[in-house]
Amino acid sequence: MLTQFFYTLRAAQLKVTVPEYLTLLEALQAKVIGAEGWASIDDFYHLSRACLVKDETQFDKFDRAFAAYFKGVEMLTDFKTELPLDWLKKTLELELTPEQKAAIEKMGWDELMETLKKRLEEQQERHEGGSKWIGTGGTSPFGNGGFNPQGIRIGGKGGNKSAVKVWEQRAYRDYDDGVELGTRNIKVALRRLRRFAREGSELELDLDGTIHGTAANAGLLDIRMQPERHNKVKVLLLMDVGGTMDEHIHRVEELFSAVKAEFKHLEFYYFHNCVYDHVWKNNRRRYAEKLSTWDLIHKFNRDYKLIFVGDATMSPYEILQPGGSVEYNNEEPGAEWLQRLVNAFPHHAWINPEPQGVWQYRQSISLIQQIVRQRMFPLTLSGLEGAMRLLSK
């Protein structure tokens, strides 16, 4: 059974290795689970994930593969040992004869989900017992504490271990490295761009120093403090705003929020479509409070990591021609300014919220990719992690 499980995970494009599979078998043999004589499928789920999955971005793929392979399995194995006494004392739980259990029909998956949807729409109060409503202690396929050969556990703890399993919730679906990001996931990806140092006032306990000082002080407590560790990486963020970027506002806001939380040394400015001879800090006062792009280049050192955020979707003239801007008569083409920026900041990357599948059909995206030396990444977990790895070199 487990050999086929291994191949199922490999078929789901999970990078599961033979040594990891052998580690799982050793854990089972050592009774890491099942020490009391039985092991639930949920126990096996957590053990196998711990042994076989190295990267949290793969949790969702593992959940889906696990569910596809084990759906309907109630028990990993029966170790043929005596039941604990407390199992026999659960007098308050619903007791059914084998004939009564056999009379309760299983629903198919589609019927189960459709019926649950109807119950949620119709039910107005709590129910206990019975065979229809969402409740406790009955034979309904929805709820907890009762019996049904294949139901959906809602609340409470599992009893008969026959519910549609916990992994169906896909708690890690946001970690899939192909999905678009939320703020939490962006923070996970940004943490690949870190270089810590201790800065500021002494606010954090120095445990090693305290132990050493106390030992050197003949056992008298000598508390040592130290500055907190902060990320020393400096980030210069240039964000496209307006026009075609309006449909990406929510995702860019999430990215901006995550970047502000992760980087202490952050400077940010806005541009529209392409960078020209000025950028701005406040979109409401963009015409009154401009910063010359030349001043920006000279203001920040080469150790800043330059990150562009934009869909790179515009007329090619806006990149290649003087006067190509849709807003004013720019004296020099946007390509010149972009080239100056990437020359000034060798550690740079472009994050594009547009789906990567459409990039090849946009001439402007191809042009900007060439200018930024092919350092353009999609706004997905894998894309953002790739950009952070590149910037950390």
Side-chain angles (χ1 to χ4, degrees), residues 8-17 20 49-68 167 169-195 231 233 235-240 245 247-263 266 305-313 342 347-362 365-366 368-393:
T8 298
L9 297 179
R10 293 294 293 267
Q13 298 183 337
L14 284 157
K15 299 177 181 179
V16 181
T17 64
E20 290 165 349
R49 195 187 73 191
C51 293
L52 302 176
V53 185
K54 303 178 288 294
D55 188 340
E56 64 185 4
T57 64
Q58 303 299 302
F59 282 174
D60 183 51
K61 289 180 181 178
F62 178 81
D63 284 359
R64 284 178 284 173
F66 193 99
W167 59 81
Q169 299 172 15
R170 289 180 61 195
Y172 298 98
R173 60 186 178 273
D174 289 342
Y175 282 134
D176 190 327
D177 62 6
V179 301
E180 295 174 355
L181 297 170
T183 304
R184 179 187 65 178
N185 306 355
I186 295 173
K187 289 181 179 180
V188 171
L190 292 177
R191 286 168 191 163
R192 294 190 181 275
L193 184 58
R194 285 180 163 184
R195 187 173 69 251
N231 192 353
V233 171
V235 174
L236 176 58
L237 186 65
L238 300 183
M239 294 177 286
D240 185 4
M245 283 295 292
E247 62 186 86
H248 305 298
I249 286 176
H250 177 68
R251 294 168 59 212
V252 174
E253 283 178 342
E254 288 181 329
L255 174 62
F256 186 37
S257 174
V259 169
K260 288 181 70 176
E262 288 298 319
F263 299 107
L266 170 68
K305 315 290 187 180
L306 174 61
I307 302 176
F308 298 94
V309 180
D311 61 7
T313 299
V342 299
H347 300 286
H348 62 270
W350 188 294
I351 307 298
N352 193 331
E354 280 288 290
Q356 195 169 9
V358 306
W359 291 6
Q360 60 182 316
Y361 304 108
R362 307 270 174 84
I365 292 179
S366 178
I368 288 182
Q369 280 184 298
Q370 294 177 38
I371 295 171
V372 299
R373 303 166 190 172
Q374 305 302 320
R375 297 184 173 203
M376 183 177 287
F377 299 85
L379 189 50
T380 62
L381 185 55
S382 60
L384 195 50
E385 286 185 338
M388 296 305 104
R389 289 193 191 95
L390 180 65
L391 291 172
S392 64
K393 293 181 179 178

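In this text, all values refer to a predicted model and were calculated from it rather than measured experimentally. Throughout, numbering of the chain's residues begins at 1 and tracks the sequence.
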Using 0.5 Å steps for rounding, measure from the [atom1] atom of [X] to the [atom2] atom of [Y].
X    : Y    : atom1 : atom2 : result
R10  : L52  : CZ    : CG    : 11.0 Å
E262 : S257 : CD    : OG    : 10.0 Å
I249 : E247 : CD1   : CD    : 10.0 Å
E385 : T380 : CD    : OG1   : 9.0 Å
F377 : R389 : CZ    : CZ    : 10.0 Å

Can you name the nearest heavy-atom pair linking [X] to [Y], along with the distance?
X    : Y    : value
L14  : F62  : CD1-CA, 3.7 Å
A387 : I351 : CB-CD1, 3.7 Å
I368 : A312 : CD1-CB, 3.7 Å
V358 : R362 : O-CG, 3.5 Å
H348 : R375 : O-CD, 3.2 Å
Q356 : P378 : OE1-CG, 3.5 Å

Could you check whether any side-chain N or O of [X] sits under 3.5 Å from a backbone N or O of [Y], counting only pairs where one atom can act as donor and the other as acceptor?
X    : Y    : answer
K54  : K15  : yes
S392 : M388 : yes
W350 : G310 : yes

Using side-chain heavy atoms (C-beta onward) and a distance below 4.5 Å, is [X] in contact with [Y]?
X    : Y    : value
M376 : W359 : yes
R49  : F66  : no
L384 : L255 : yes
I307 : L391 : yes

Listed partners of H248 passing side-chain contact (heavy atoms from CB on, under 4.5 Å), at least two apart: M245, R251, V252, D311, P353, E354

More than 12 heavy atoms from other groups under 6.0 Å of CD on Q374: yes

For K260, all residues meeting side chain to side chain donor-acceptor pair (under 3.5 Å), sequence neighbours excluded: none

